[in-house]
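Predicted, not measured: the structure shown is a model, and the values here were computed from it. Just so we're on the same page: letters track the sequence lines, and every chain starts at 1.
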There are 2 protein chains.
Amino acid sequence: MKLKYENEAAVFKALSDPNRLLILEILQSGEKCACKLLEDLEISQSTLSHHMKILCEAGFVESNRQGKWMHYSINKEGYENAKKILQELESCMLTK
Amino acid sequence: MKLKYENEAAVFKALSDPNRLLILEILQSGEKCACKLLEDLEISQSTLSHHMKILCEAGFVESNRQGKWMHYSINKEGYENAKKILQELESCMLTK
DNA sequence: AAAATGAATTGACAAACATCGATATGTTGT
DNA sequence: ACAACATATCGATGTTTGTCAATTCATTTT
């Protein structure tokens, strides 16, 4: 089923940008607000927002608004899902 | 270190295309020659060759020429590497 | 209600990517 | 050496992606 591969490809696509990997690493040390991420990440505010959307949609990050600040934190589900896909890909369990 | 993230991003980028995931799955059932892959994969010969190069360079696939046929097979190292990166990313062990 | 502030969205643009047809390279059999 | 075949490379093209500045939206504070 072609759709399946597209969903799975999207998961890895989220991990295929250096800035996004850096964001994930920074978040490993705990929840951060967007403004804090911006300090560490020589990119514009709109670019950061764009990356965060991709990471959230792929399940790697959770967001929660606290007042006017947006707080981001690691969502373990994304990692579990990515590892599961890798595992299935490796053991020939994907359904056609 | 910026370079580190680029190398890691390239690993996941290799997995971020539906056709390449399909190729990996097909190879799970054993070594295949390019012509066999071409039969299953509604893409042109040059496109297949391009994808195989990416998969090989990212460490997911090994190639070995047998006469005029090129045989491709799964390279476990790529999967181990990808899982290692995911694990490090998850446990905050990446060196800055 | 108005001003201020943080984040998301929009529109534009260049770089990267997937794809193809055509051509080149490498291998086998005549 | 040559013809046939399998694969790789090249050049072109349309699409996707990462990026930014400008704008809009949401929230808080005055």
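If you measure from atom CG of A:Leu55 to atom P of D:dG18, you get 10 Å, rounded to the nearest angstrom. Separating the NE2 atom of B:His71 from the P atom of D:dT7 is a distance of 8 Å, rounded to the nearest angstrom. Per the geometry, CG belonging to A:Asn64 stands 13 Å off P belonging to D:dT27, to the nearest Å. Rounded to an integer number of Å, the gap from CG of B:Leu37 to C1' of D:dA6 is 13 Å. In this structure, CG of A:Asn19 is placed 15 Å from C1' of C:dA16, rounded to the nearest angstrom. If you measure from atom CG of A:Leu41 to atom C1' of D:dT19, you get 13 Å, rounded to the nearest angstrom. Rounded to whole angstrom, the span from the CG atom of B:Leu22 across to the C1' atom of C:dT19 amounts to 16 Å. At whole-Å resolution of the value, CD in B:Glu42 and C1' in C:dC20 are 15 Å apart.
Closest of all the heavy-atom pairs between B:Val11 and B:Phe60 is O-CE1, 3.6 Å. Pairing each heavy atom of B:Leu15 with each of A:Leu89, the nearest pair is CD2-CD2, 4.5 Å.
Closest approach to the B:Lys68 side chain among D:dT28, D:dC5, C:dA7 is made by D:dC5 (side chain taken as heavy atoms from C-beta onward).
Within a heavy-atom distance below 4.0 Å of DNA chain D, the residues of residues 43-53 of chain A found are A:Ile43, A:Ser44, A:Ser46, A:Thr47, A:His50, A:His51.
Of the possible donor and acceptor atoms, none in the side chain of B:Ser49 sits under 3.5 Å from a partner among the backbone N and O of B:Ser46. Judged by distance alone, with hydrogens and angles left aside, the side-chain atoms of A:Lys32 form a donor-acceptor pair with the main-chain N or O of A:Gly30 at under 3.5 Å.
Residue B:Glu77 places its CD atom among 12 or fewer non-hydrogen atoms of other residues, nucleotides or ligands, all under 6.0 Å distant.
Both A:Gly67 and A:Arg20 lie near DNA chain D, and the one whose nearest nucleotide falls closer to the 5' end is A:Arg20. Along DNA chain D, the nucleotide nearest to A:Ile54 and the one nearest to B:Met70 differ in position, and the one closer to the 5' end is contacted by B:Met70.
Contact check, A:Tyr72 against C:dG6: no side-chain N or O comes under 4.0 Å of OP1 or OP2. The phosphate of D:dA8 (OP1 or OP2) has no side-chain N or O of B:Arg65 nearer than 4.0 angstrom.
Interatomic distance, A:Cys33 SG to A:Asn64 CG, rounded to the nearest 0.5 Å: 11.5 Å.
Contact annotation: the side chain of B:Lys83 approaches that of A:Glu90 to within less than 4.5 Å [non-hydrogen atoms, C-beta and beyond].
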